[in-house]
Amino acid sequence: QLYAYNMGFEDGLYEDDLDSHKYAFFDVINNKRISIPYFITDVFVFDSIQYFVTFDNEDQNALYRVSSKDTSRVFYSGLSINKVIFFQDQFYAATTKGLRIIKNDSLFASIHIEKNIKDAVVIDQEIYFLSDNYLYEYNGIHQEFVLDGSKYGGLKSLFSDREQNIWLGTGNGVVKIENTPFNVYADNSQLNGLSCAEIKRDNKGYLWVSTEKGIYCKDDSLSVFKKLNDDKVRDFELLNNGSLFYQLPRIGLVQCFPK
């Protein structure tokens with residue numbers, strides 16, 4: 001049985017051959033199919049360079065680099081990679097043991113950040129990252145504390161919108177950080193008491209949030225989120241055709257077309 005989907009960019013397709021347990025990444029830009037022995041969990045696209053993380057049967061993940069010239073594996077051990085970012089003309093891996101510089105086929109320790117980084121984004125030449133329910137800011141020299149997530153039920157995910165505001169998925173709704181004081185979408189937004197796993201924005205400007213009690217969305221002009229369904233969803237993708245793609249336990253892959 002074969003499953004394939006577009007990640008919202010023209011970056012590739014993913015195949016899952018359930019009978020042979022072989023997986024593959026098809027690079028549309030460079031028109032080539034790359035066979036991988038393990039399940040692909042994350043993909044990070046930077047112009048003509050793509051990184052993707054795989055997950056094997058021994059609970060270990062691996063990082064692969066795809067360019068127009070070749071495909072290579074980045075070797076490391078004793079840690080897991082949660083995100084790949086591009087900062088100050090250099091690729092970095094946000095890992096369970098801090099920020100690591102990606103050079104050729106290896107990871108090198110960064111002397112500045114050694115925390116367990118759960119998620120990270122780059123805004124105006126600064127890195128914002130989540131670690132142990134705290135939000136930090138790093139400018140290449142110093143790191144500063146920004147927010148304690150314990151008062152919001154913990155920090156789950158991090159997202160930067162087109163205006164470069166920061167959105168935090170928390171254990172009790174969504175927090176928006178901008179130049180004005182923090183805007184907490186919880187009590188009066190339909191997200192009260194919900195653990196928000198992932199936040200994304202579609203090409204029409206709608207903000208989408210996945211929770212344990214369904215997927216919610218809102219327009220920029222509104223302060224209240226609308227509920228799409230009752231499915232318990234963690235990770236999801238927004239496709240260019242306006243549909244949502246996510247996985248449900250014991251059911252499989254689901255595609256819906258919200259109105």
Side-chain angles (χ1 to χ4, degrees), residues 7 11-12 14 16 21-25 27 34-46 49-67 69-123 126-150 154-160 168-171 195 197-198 234-235 247:
M7 294 287 290
D11 58 350
Y14 301 84
D16 178 1
H21 300 289
K22 294 181 180 179
Y23 303 88
F25 173 83
D27 181 2
I34 304 163
S35 296
I36 301 297
Y38 305 121
F39 177 65
I40 299 172
T41 60
D42 291 292
V43 177
F44 310 102
V45 182
F46 306 91
I49 297 178
Q50 304 167 61
Y51 286 94
F52 58 91
V53 179
T54 67
F55 187 79
D56 64 22
N57 295 328
E58 297 179 355
D59 294 339
Q60 298 292 323
N61 66 2
L63 181 66
Y64 289 84
R65 180 182 186 273
V66 180
S67 68
K69 296 180 180 180
D70 58 14
T71 300
S72 60
R73 178 173 177 177
V74 180
F75 290 91
Y76 59 92
S77 61
L79 54 82
S80 295
I81 294 176
N82 296 321
K83 194 75 171 283
V84 176
I85 59 175
F86 188 71
F87 177 67
Q88 296 183 348
D89 300 322
Q90 177 68 58
F91 286 104
Y92 288 84
T95 78
T96 52
K97 292 188 177 181
L99 202 62
R100 296 291 188 266
I101 300 172
I102 305 174
K103 287 187 177 180
N104 299 324
D105 62 350
S106 301
L107 296 183
F108 295 88
S110 170
I111 62 173
H112 302 294
I113 303 176
E114 292 295 331
K115 302 178 184 295
N116 177 2
I117 302 177
K118 184 177 182 179
D119 201 353
V121 296
V122 177
I123 304 175
E126 293 182 325
I127 299 175
Y128 291 83
F129 65 93
L130 302 181
S131 178
D132 297 327
N133 282 326
Y134 293 98
L135 174 65
Y136 295 90
E137 174 187 353
Y138 173 67
N139 63 7
I141 301 176
H142 304 290
Q143 68 180 36
E144 294 184 3
F145 166 81
V146 178
L147 178 70
D148 181 357
S150 61
L155 302 181
K156 309 296 182 180
S157 59
L158 183 63
F159 172 74
S160 172
L168 299 169
T170 77
S195 178
E198 190 166 31
R234 176 170 176 79
D235 300 318
Q247 181 180 7

Measuring only between side-chain heavy atoms, which start at C-beta, is [X] closer than 4.5 Å to [Y]?
| X | Y | value |
| --- | --- | --- |
| Phe44 | Val53 | yes |
| Ser157 | Phe159 | no |
| Asp119 | Leu155 | no |

Between [atom1] on residue [X] and [atom2] on residue [Y], distance to nearest 0.5 Å:
| X | Y | atom1 | atom2 | value |
| --- | --- | --- | --- | --- |
| Leu63 | Ser72 | CG | OG | 8.5 Å |
| Ile102 | Leu107 | CD1 | CG | 6.0 Å |
| Phe91 | Phe46 | CZ | CZ | 5.5 Å |

Exercise for review: Using the side chain to side chain contact (heavy atoms under 4.5 Å, CB included) rule, pick out the option among Asp132, Leu99, Ile127, Ile81 that qualifies with Ile117.
Suggested key: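 Exactly one candidate clears the test, Leu99.
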
Point to revise | Listed once per pair and sorted, the side-chain hydrogen bond (donor to acceptor under 3.5 Å, both in side chains) pairs that draw on residues 85-105, sequence neighbours left out | key: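 Pairs touching residues 85-105 that pass the test: Arg100-Glu114.
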
Check your understanding: Is it true that a side-chain atom of Lys118 and a backbone atom of Leu130 form a donor plus acceptor pair closer than 3.5 Å?
Key ->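 Not a single qualifying donor-acceptor pair exists.
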
Exercise for review: Measure up the Tyr138 and Phe87 rings against each other and bin them: parallel (under 30°), tilted (30 to 60°), perpendicular (over 60°).
Suggested key: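 Geometry flag for Phe87 against Tyr138: tilted rings.
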
Practice item. Evaluate whether atom CZ of Phe86 has more than 12 neighbouring non-hydrogen atoms of other residues, nucleotides or ligands under 6.0 angstrom away. Key: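 Yes, the 6.0 Å shell around CZ holds more than 12 heavy atoms from other groups.
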
Between [X] and [Y], which heavy-atom pair has the shortest distance, and what is it?
| X | Y | value |
| --- | --- | --- |
| Glu137 | Glu126 | OE2-OE1, 2.6 Å |
| Lys83 | Val121 | NZ-CG1, 4.2 Å |
| Arg73 | Ala62 | NH2-CB, 3.4 Å |
| Leu135 | Tyr128 | CD1-CB, 4.2 Å |

Point to revise | Row check, Phe129 ring normal vs Lys115 NZ/CZ: under 6.0 Å, within 45° | key: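 Judged by the rule, Lys115 and Phe129 form no cation-pi pair.
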
Point to revise | Test side-chain contact (heavy atoms from CB on, under 4.5 Å) applied to Tyr134 and Asp148, step by step | key: CA-CA 5 Å; Tyr134 293 98; Asp148 181 357; 3.4 Å; yes

